[in-house]
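Worth knowing before you read on, the calculation uses all heavy atoms, side chains too, and leaves out hydrogens, waters and symmetry mates.
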Amino acid sequence: VFTYFAVLNVVTGAFCTGAMEGKQYDRDLMVQQLLHSKQSDLHRTTDMFRNMLHKVDTANKGTITAEEFAKHLDDDSVQAVLTMLELDTD
């Protein structure tokens, strides 16, 4: 009887250890997926912002003036980028 309980205890311990390791793996995987998602969002936002700046830079100088920017504030693509960045233009 004692041997039976000892074996049962070992099996239960192994099961619990496996479950805890699996839970930690799931947590680590979720963190990795979240970081990857944030990096993808950052790259996408950066590309959209860069494209907006190229569109506004009508003189192709690599810089924009306040006047150039103001001329494009009514443009839907510029508004979309600014809204995504949570910038209010009203």
Examine [X] and [Y] and state if one hydrophobic cluster contains both, with Ile, Leu, Val, Met, Phe, Trp and Tyr joined whenever side-chain heavy atoms are less than 4.5 Å apart.
| X | Y | answer |
| --- | --- | --- |
| Leu42 | Met48 | no |
| Leu87 | Met84 | yes |
| Leu35 | Leu29 | no |

Distance in Å, His72 NE2 paired with Leu53 CG, rounded so as to fall on 0.5 Å steps: 11.0 Å

For Thr63, check side-chain contact (heavy atoms from CB on, under 4.5 Å) against everything at least two apart and list the hits. Lys61

Who passes salt bridge (Lys or Arg N to Asp or Glu O under 4.0 Å) against [X], sequence neighbours left out?
| X | value |
| --- | --- |
| Asp57 | none |
| Lys55 | Asp75 |
| Asp88 | none |

With sequence neighbours excluded, residues passing side-chain hydrogen bond (donor to acceptor under 3.5 Å, both in side chains) with Asp28: Gln24

Which residue pairs pass the side-chain hydrogen bond (donor to acceptor under 3.5 Å, both in side chains) test when at least one of the two sits in residues 33-43, sequence neighbours left out? Asp41-Arg44

Leu82 to Phe69 - nearest heavy-atom pair and separation: CD1-CZ, 4.0 Å

